[in-house]
Number of protein chains: 2
Amino acid sequence: MASITRRRAPKVSRPVSAEDEILAATRRILTGGASFTDLGVQQISVEAGVARSTFYAHFRDKTDLLLRLATDMLATSFDVASAWEPTDGLDKLAEDFLRILGVYREHAAVLRAVGEVATYDLTVRDFWSQGLAQFTDRTIAALRAEQAAGRTPADVNLVSAARVIVQGGERAIFDQVTTAPPTDDAAFARELAQTWWYGVYRRPA
Amino acid sequence: MASITRRRAPKVSRPVSAEDEILAATRRILTGGASFTDLGVQQISVEAGVARSTFYAHFRDKTDLLLRLATDMLATSFDVASAWEPTDGLDKLAEDFLRILGVYREHAAVLRAVGEVATYDLTVRDFWSQGLAQFTDRTIAALRAEQAAGRTPADVNLVSAARVIVQGGERAIFDQVTTAPPTDDAAFARELAQTWWYGVYRRPA
DNA sequence: GTTGCGCCGGACATAGTGTCCGGACGAGCT
DNA sequence: AGCTCGTCCGGACACTATGTCCGGCGCAAC
C-alpha cells in the first residue's frame with residue numbers, strides 16, 4: 001500500500017524522536033553492507049534503541065520504512081535530475097555523470113536497498129520507475145531536439161536509445177559504485193559520456 | 001551454500017519424477033508473473049502436485065531450486081556466450097544481440113527470478129556474476145585487440161568500457177524484454193549495436 | 001515374499017510479522 | 001499541586017513460513 005504521510009510532533013521538545021532514530025539506525029545497518037531483505041524489524045529496533053512495537057507505531061511495515069528512506073534521499077539531492085542537461089557537450093556530460101556518481105556513492109546503501117526490494121515489491125518498483133522516468137523523458141526530448149537540429153541522425157530509435165541510456169547507464173553506474181574504488185570514477189564517467197556522445201547521439205569522432 | 005549436484009535415478013523407469021514436476025511447476029508459476037521471493041514452498045508443492053516434504057527431499061531450500069533452474073537454463077543455451085564475437089562488424093553485432101534478446105524472452109521468467117534473488121542472496125549473486133564475467137572477459141580481450149590493430153583509440157578505458165557494455169547492456173536488454181513487445185526487438189538490437197560500435201569501439205560514423 | 005525406494009502426510013521446533021493493550025514517564029496546563 | 005495527553009515500553013497473541021523428522025504406503029525389482 002501507499003505509505004501514509006506522517007506529521008511530526010507539534011512541539012519542538014525532543015532532540016531526536018524514535019522515528020529519526022529508526023531511520024538513522026537502518027541507514028547505519030545498510031551502510032554496514034547488510035541486505036535489506038534479510039533485515040528484521042527486531043534487529044532494526046534494537047539498533048535504534050526502541051521497542052519493536054514502537055517501530056509499528058511509526059511505520060506500517062518494512063516497505064513503508066524503505067519508502068521513507070528513499071524519499072528523504074531524493075529530497076536532499078533533488079537537483080540532480082533537473083540539473084541534467086544531456087546535450088551540452090561531451091565535457092559537460094562527463095561532469096554530470098561524475099556528479100551523479102558522487103550522489104550514488106553518498107547514498108549507496110539506500111540505493112542498494114531500493115534496487116533490491118524493487119525487484120520483488122510492486123510499490124517500490126513503481127516508486128523507482130517513476131524516478132527514472134524523469135530521466136527517460138528528458139533524454140527522449142533532448143534526442144528529438146538533436147534530430148530536429150540535424151546534429152543526430154534521423155535513424156536513431158528514440159525509445160530504444162533512451163532505454164540503453166537510462167536503464168543501462170543506471171546499472172553501469174550502480175555497478176561502478178559498488179565494485180570499483182572512487183578513484184576510478186572520473187575515468188568511468190568520461191568513458192560513459194563518450195559512449196553516449198559518439199554512440200547514441202552519433203556525433204562524428 | 002553451494003548446491004550439491006544431484007544424481008538422477010539410476011533406472012529409466014519414471015517418465016516424470018517429482019523433481020521434474022517441481023521444476024516445471026516453478027517455471028509455470030514464474031511465467032505467470034509471480035515474484036520468486038513471495039513464492040512459498042507450500043505453493044510450489046501444491047502446483048507441482050507433490051507433498052511439501054518431497055520438496056525438501058530434492059532441494060535444500062528455495063535457493064537450491066533457483067540455482068537448479070538457472071543451471072538448467074544455461075545448459076540449454078550455452079552457445080550464446082561462446083558464439084558472441086564482439087568485433088565482427090555492426091550487422092553481425094546487431095544479429096548477436098537479437099539472438100540474445102530471443103534467449104532472454106524464452107527464459108524471461110527464470111532470468112527475472114535470478115535477477116531478483118541476486119540482489120539479496122550472495123550465492124545467487126556470485127553465480128550470476130560468474131556468468132557475466134565470461135562476457136566481460138571476452139569484451140576486454142576484444143577491445144584490447146581492436147586497440148592493438150589501431151581500429152579503436154588507445155584512450156578507451158577497457159575496464160570502464162566493459163562495464164558499460166556488459167552491465168549496462170544486460171540491464172537494457174532485460175528492460176526491453178520485460179516492458180516492450182517482441183516486435184520492437186529488431187530495432188532495439190540495432191540501436192544497441194550502434195551504441196557499441198560508434199560509442200565504445202569509436203568506429204568513425 | 002521380501003527388500004528398497006520414492007513419496008505421502010502430518011507433527012514439531014523455530015522464527016518472523018503485524019496487532020493489541022496495560023502501564024510507565026514526562027511535558028505542559030490549570 | 002493534581003491532571004491530562006502523547007510517546008514509548010514491554011510483552012502477549014495469532015498467524016504464517018521454514019526446515020526437520022519419521023511412520024507408513026505402494027510399487028517395482030530380484
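Excluded from the calculations below are hydrogen atoms, water molecules and symmetry mates; all remaining heavy atoms, backbone and side chain alike, are included. Just so we're on the same page: letters track the sequence lines, and every chain starts at 1.
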List, with names and distances, any nitrogen or oxygen atoms from the protein found under 3.5 Å away from nitrogen or oxygen atoms belonging to nucleotides 10-15 of chain D.
{"from": "D:dG10", "atom 1": "N7", "to": "A:Ser53", "atom 2": "OG", "distance (Å)": "3.1"}
{"from": "D:dG10", "atom 1": "O6", "to": "A:Ser53", "atom 2": "OG", "distance (Å)": "3.0"}

Between [N] atom [atom2] and [X] atom [atom1], what is the distance in whole Å?
| X | N | atom1 | atom2 | answer |
| --- | --- | --- | --- | --- |
| B:Phe59 | D:dT18 | CZ | P | 15 Å |
| B:Glu21 | C:dC7 | CD | P | 10 Å |
| B:Asp64 | D:dG19 | CG | P | 11 Å |
| B:Arg60 | D:dG19 | CZ | C1' | 12 Å |
| A:Ile22 | D:dC8 | CD1 | P | 8 Å |
| A:Phe36 | C:dT17 | CZ | C1' | 14 Å |
| A:Asp61 | C:dG18 | CG | P | 5 Å |
| B:Glu19 | C:dC5 | CD | P | 17 Å |

Could you give the side-chain donor-acceptor pairs of residues 40-56 of chain B under 3.5 Å, partners two or more places apart or in another chain?
{"from": "B:Ser45", "atom 1": "OG", "to": "B:Val41", "atom 2": "O", "distance (Å)": "2.7"}
{"from": "B:Glu47", "atom 1": "OE2", "to": "B:Arg28", "atom 2": "NH1", "distance (Å)": "2.6"}

| When you check the phosphate oxygens OP1 and OP2 of C:dG6, does a side-chain N or O of B:His58 lie under 4.0 Å from one of them? |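 Looking at the OP1 and OP2 atoms of C:dG6, neither is under 4.0 Å from any side-chain N or O of B:His58.
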
| query | Would you say a side-chain N or O of A:Tyr56 is under 4.0 Å from OP1 or OP2 of C:dT19? | reply |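 Checking C:dT19 against A:Tyr56, no side-chain N or O comes under 4.0 Å of OP1 or OP2.
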
Could you check if a side-chain atom of [X] sits within less than 4.5 angstrom of a side-chain atom of [Y], using non-hydrogen atoms only?
| X | Y | answer |
| --- | --- | --- |
| A:Arg163 | A:Val159 | yes |
| A:His107 | A:Arg27 | no |
| B:Tyr198 | B:Leu90 | yes |

| Gap between atom CZ of B:Phe97 and atom CZ of B:Phe188 - 0.5 Å precision |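 So the gap between those two atoms works out to 8.5 Å.
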
Listed pairs under 3.5 Å, donor-acceptor, residues 166-173 of chain B side chains, sequence neighbours left out:
{"from": "B:Glu170", "atom 1": "OE2", "to": "B:Tyr104", "atom 2": "OH", "distance (Å)": "2.6"}

